[in-house]
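The figures here come from the full heavy-atom set of this structure, side chains too, leaving out hydrogens, waters and symmetry mates.
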Amino acid sequence: MTPALKLTNVGMRFAMNSGGEKGHFQALSQLDLEVNRGEKLGLVGGNGAGKSTLLRIMAGIYPPGSGTVWRAPGLSIALLSLGLGFKNDLTGRENALLAAVLQGMSKSEAKSHLQAIGEFTELGRFYDEPVKSYSSGMRTRLGFATGLLLDTDILLLDEILAVGDQSFRKKAREALSQKLTEDRTVILVHHAENAIREICSRVVWIEQGKIKADGAVVEVLEAYAKAP
């Protein structure tokens, strides 16, 4: 197997100010994780366990407070999370173009994807309106379509399949299934076990910023479900 991402001894903490007293919250602690190219990995854990922080570190949005993050040379990566990464004053079309260029496409190549992205989102005239006028559901449609249709090598999904109306969730799930090629790496955070079982072949359970279990989907999900 060829590694796509490798995290070694990664730690992350955030400053906190509670009741006038300064302190720190340890989001991740001495975390080691390797994800192979083409792997479909699910991340589970309670609220505040560190899942979203981990995805942002993988995507390069946060530098780790300690440790190292390695990504295989030449692989593109995209994090799909509600409201993340859009420039509010740009239109949906302009944001999609910018995302494509940032993934390494030429401007002409990026433009060739814009119609398909617009059609998938079903935004209609709002595709050419500023993103600041979008509802959370509209932002989700744009983010999902942009990340999925640009054929990013590593796709990080943070609860993105759990929002929007039922018809869009079904459409998004079907589109994702069609795009799950053998060499495309997917890391999925989702509270619904059926989505994890459907898509993933491996699950990592994170608790209090550390890996509590790492293995086959059924075994890890069963252990997670039985946890107090």
Worksheet item: So, the side chain of Lys51 versus the backbone of Gly46: is there a donor-acceptor pair under 3.5 Å, distance only?
Response: yes
Worksheet item: Is there a side chain to side chain contact (heavy atoms under 4.5 Å, CB included) between Val10 and Val69 once you walk through the steps?
Response: CA-CA 8 Å; Val10 166; Val69 178; 4.1 Å; yes
Practice prompt. Locate the shortest heavy-atom distance separating Leu75 from Ala4; write the atom from each residue and the value.
Written response: CD1-CB, 3.9 Å
Discussion item. Distance check, rounded to the nearest 0.5 Å: Asn194 atom CG versus Ile199 atom CD1?
Written reply: 9.0 Å
Discussion item. Is there a continuous path of hydrophobic side-chain contacts, each under 4.5 Å between heavy atoms, that joins Met12 to Trp70?
Written reply: no
Fill in: CD/Gln115: more than 12 non-hydrogen atoms of other groups inside 6.0 Å
no
Worksheet item: Measuring from Asp89:CG to Asn95:CG, what's the distance to the nearest 0.5 Å?
Response: 10.0 Å
Worksheet item: So, Thr146 side chain and Ala96 main chain: donor-acceptor pair closer than 3.5 Å or not?
Response: no
Practice prompt. Start with the C-alpha gap between Tyr127 and Tyr134, add the side-chain angles, then the distance that decides, and say whether ring-ring contact (aromatic ring centres under 6.0 Å, His included) holds.
Written response: CA-CA 10 Å; Tyr127 191 40; Tyr134 284 18; 8.6 Å; no
Practice prompt. Specify the closest pair of heavy atoms between Gly45 and Glu207, including all atoms of both residues, with the distance to one decimal.
Written response: CA-OE1, 4.5 Å
Worksheet item: Can we say Lys6 and Asp32 salt-bridge, meaning some charged N sits less than 4.0 Å from an Asp/Glu carboxylate O?
Response: no
Practice prompt. Verify, without hydrogens or angle tests, whether Ser135 (side chain) and Met138 (backbone) share a donor-acceptor contact under 3.5 angstrom.
Written response: yes
Fill in: Check: Asn36 main-chain N/O paired with Glu39 side-chain donor or acceptor under 3.5 Å
yes
Worksheet item: Looking at side-chain heavy atoms only, is the closest gap between Val220 and Val204 below 4.5 Å?
Response: no
Fill in: Atom pair CD1/CG of Ile187 and Leu54 - distance to nearest 0.5 Å
7.5 Å
Worksheet item: Once the angle between the rings of Trp205 and Tyr224 is folded into 0 to 90°, is it parallel (under 30°), tilted (30 to 60°) or perpendicular (over 60°)?
Response: perpendicular
Worksheet item: Can you check whether Val189 reaches Leu157 side chain to side chain, under 4.5 Å on heavy atoms?
Response: no
Fill in: Shared hydrophobic cluster, Ile61 / Met58 (ILVMFWY, side-chain heavy atoms < 4.5 Å)
yes
Discussion item. Between Lys171 and Glu122, does the salt bridge (charged side-chain N to carboxylate O under 4.0 Å, His left out) criterion hold? Intermediate values first, please.
Written reply: CA-CA 11 Å; Lys171 177 180 177 178; Glu122 300 176 359; 2.9 Å; yes
Item to complete: Output, in order, the C-alpha distance, side-chain angles, deciding distance and verdict of side-chain hydrogen bond (donor to acceptor under 3.5 Å, both in side chains) for Ser52 and Asp158.
Response: CA-CA 7 Å; Ser52 293; Asp158 192 0; 2.7 Å; yes
Discussion item. I'd like to know whether Glu129 forms a side chain to side chain contact (heavy atoms under 4.5 Å, CB included) with Thr91, so could you lay out the CA-CA distance, the side-chain angles of the two residues, the decisive distance to 0.1 Å, and finally the verdict.
Written reply: CA-CA 5 Å; Glu129 295 292 333; Thr91 67; 5.8 Å; no
Worksheet item: Could you state the interatomic distance from CG (Leu41) to CZ (Arg202), rounded to the nearest 0.5 Å?
Response: 5.0 Å
Fill in: Heavy atoms from other residues, nucleotides or ligands near CD of Gln30 exceed 12 (cutoff 6.0 Å)
no
Worksheet entry | Shortest non-hydrogen contact from Ile196 toward Val203 | CG2-CG2, 3.6 Å
Discussion item. Show the nearest heavy-atom pair for residues Ala100 and Ala110, with the distance to one decimal.
Written reply: CB-CB, 3.5 Å
Worksheet entry | Straight-line distance of Leu79 CG to Thr152 OG1, nearest 0.5 Å | 11.0 Å
Worksheet, complete the sentence: Rounded to the nearest 0.5 angstrom, the CD1-CG distance for Ile77 and Leu155 is 9.0 Å
Worksheet item: Is the backbone of Glu219 close enough, under 3.5 Å, to the side chain of Glu222 for a donor and an acceptor to pair up by distance?
Response: no
Item to complete: Before giving the answer on side chain to side chain contact (heavy atoms under 4.5 Å, CB included), spell out for Leu28 and Ile57 the whole-Å C-alpha distance, their side-chain angles and the decisive distance to 0.1 Å.
Response: CA-CA 10 Å; Leu28 297 173; Ile57 288 175; 3.6 Å; yes
Discussion item. To check you understand the geometry: which heavy-atom pair defines the closest contact between Ala15 and His24, and what is its length?
Written reply: CA-CD2, 3.9 Å
Practice prompt. Looking only at non-hydrogen atoms, find the nearest pair between Glu193 and Ala225 and report the distance.
Written response: OE2-CB, 4.1 Å
Worksheet item: Hey, are Arg184 and Asp153 close enough for a salt bridge, meaning a charged N less than 4.0 Å from a carboxylate O?
Response: no
Practice prompt. Ignoring hydrogens and angles, tell me if any N or O in the side chain of Ser66 forms a donor-acceptor pair with the backbone of Gly11 under 3.5 Å.
Written response: yes
Practice prompt. Report yes if the side chains of Thr68 and Asn9 come closer than 4.5 Å at any heavy-atom pair, otherwise no.
Written response: no
Discussion item. Before you tell me yes or no, could you show the steps for Arg197 and Val218 under side chain to side chain contact (heavy atoms under 4.5 Å, CB included), namely the whole-Å CA-CA distance, both residues' side-chain angles and the distance that decides it to 0.1 Å?
Written reply: CA-CA 8 Å; Arg197 292 176 188 273; Val218 173; 4.1 Å; yes
Discussion item. Between Leu43 and Leu188, is there a side-chain heavy-atom distance shorter than 4.5 Å?
Written reply: no
Worksheet item: So, does Thr185 use its side chain to make a donor-acceptor pair with the main chain of Gly38 at under 3.5 Å?
Response: yes
Discussion item. Check whether Arg139 reaches the backbone of Gly143 with its side chain - one donor and one acceptor, N or O, closer than 3.5 Å.
Written reply: no
Worksheet item: Within a reach of under 6.0 Å around CD of Gln26, are more than 12 heavy atoms found that belong to other residues, nucleotides or ligands?
Response: yes
